[in-house]
Amino acid sequence: MKEQNNRTKWLHLRLTPDEYQKILKEFNRSTCRKISDYARKNLLQKPIVNTYRNQSLDDFMAEMIRLRGELNAIGNNFNQAVKKLHTLHQITDFKHWLISYELEKKILFNKVDKIKKHIQKFAETWLQ
């Protein structure tokens, strides 16, 4: 038969705002889901696993997310242009589309080059 580990005893504790903020800061750095779990582990001197954030990776991911959004927008514009191409019946409309296409192509290639540079920079940082 499995033994029950019901927690029936309470421990009340008063803290100053500074003490509470310090505990919250440490709690947020841990992998504990609840502050009570964090406090219990701390009081019972059990190991607490802290999370580690790599700032360079966070910066890289933020930049990649931004670039992905821009590439999606450019891709949508390109798809709309191709759909319009299928509906064109006059030469003047086609010339206008070609000019627009060249501009979108340059923007796309610039964004791809930016992504390549960021990946290269990230790789160089991690290979050191």
Side-chain angles (χ1 to χ4, degrees):
M1 196 180 252
K2 188 175 180 183
E3 185 178 325
Q4 298 252 340
N5 284 334
N6 292 336
R7 293 185 173 99
T8 58
K9 302 296 180 189
W10 284 82
L11 176 64
H12 299 276
L13 183 65
R14 292 189 182 269
L15 301 169
T16 66
D18 290 339
E19 291 170 334
Y20 185 71
Q21 288 303 318
K22 184 177 179 182
I23 290 173
L24 269 183
K25 181 181 173 186
E26 293 299 317
F27 162 67
N28 288 330
R29 290 182 47 216
S30 75
T31 58
C32 297
R33 292 180 177 248
K34 296 181 181 179
I35 196 164
S36 59
D37 292 336
Y38 173 79
R40 189 177 302 107
K41 286 181 179 181
N42 206 348
L43 288 170
L44 298 174
Q45 298 177 348
K46 291 186 178 179
I48 298 171
V49 178
N50 287 331
T51 57
Y52 173 76
R53 298 293 296 202
N54 184 330
Q55 188 61 42
S56 65
L57 182 58
D58 289 347
D59 293 344
F60 174 76
M61 290 305 295
E63 184 66 19
M64 290 298 104
I65 289 168
R66 189 184 65 74
L67 287 173
R68 180 182 62 187
E70 290 181 23
L71 284 174
N72 284 338
I74 292 167
N76 288 338
N77 290 345
F78 185 75
N79 284 338
Q80 290 172 0
V82 169
K83 285 181 183 178
K84 183 160 180 132
L85 175 65
H86 290 295
T87 64
L88 295 179
H89 298 294
Q90 298 177 352
I91 297 297
T92 56
D93 289 341
F94 186 70
K95 287 180 182 177
H96 177 70
W97 180 85
L98 281 175
I99 292 169
S100 175
Y101 165 77
E102 287 298 321
L103 177 64
E104 290 294 325
K105 186 173 88 172
K106 286 179 183 177
I107 293 171
L108 177 65
F109 288 158
N110 286 339
K111 295 300 175 184
V112 170
D113 286 340
K114 258 186 165 179
I115 290 171
K116 287 179 182 177
K117 287 176 185 175
H118 280 287
I119 291 172
Q120 181 64 31
K121 184 175 149 185
F122 181 71
E124 288 171 1
T125 301
W126 278 97
L127 292 176
Q128 290 179 356

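Residue numbers run from 1 in the order of the sequence given.
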Identify the residue among R33, R40, K34 that makes a side chain to side chain donor-acceptor pair (under 3.5 Å) with D37. R40
Ring pair (Phe, Tyr, Trp, His ring centres under 6.0 Å) partners of residues 11-45, not counting sequence neighbours, each pair once: W10-H12
Gap between atom OG1 of T16 and atom NZ of K22 - 0.5 Å precision: 10.0 Å
Look at the side chain of T31 and the backbone N and O of V49, then say whether any donor-acceptor pair between them is shorter than 3.5 Å. yes
Beyond-backbone contact of L13 with L15, side-chain heavy atoms, under 4.5 angstrom: yes
Listed partners of Q80 passing side chain to side chain contact (heavy atoms under 4.5 Å, CB included), at least two apart: N77
Decide yes or no for Q21 and K25: does some side-chain heavy atom of the first lie under 4.5 Å from some side-chain heavy atom of the second? no
Side-chain heavy atoms of K41 within contact of C32, under 4.5 Å: yes
Do the side chains of E63 and R66 get close enough for a salt bridge, i.e. N-O under 4.0 angstrom? yes
Rounded to the nearest 0.5 Å, the NE2 atom of H118 sits from the CG atom of D113 at a distance of 11.5 Å
Nearest 0.5 angstrom please: E19 CD to L24 CG, how far? 12.5 Å
Give a yes or no on whether E102 atom CD has more than 12 heavy-atom contacts from other residues, nucleotides or ligands under 6.0 Å away. yes
Does the E26 side chain pair with the main chain of I23, one donor and one acceptor, at a distance under 3.5 Å? no
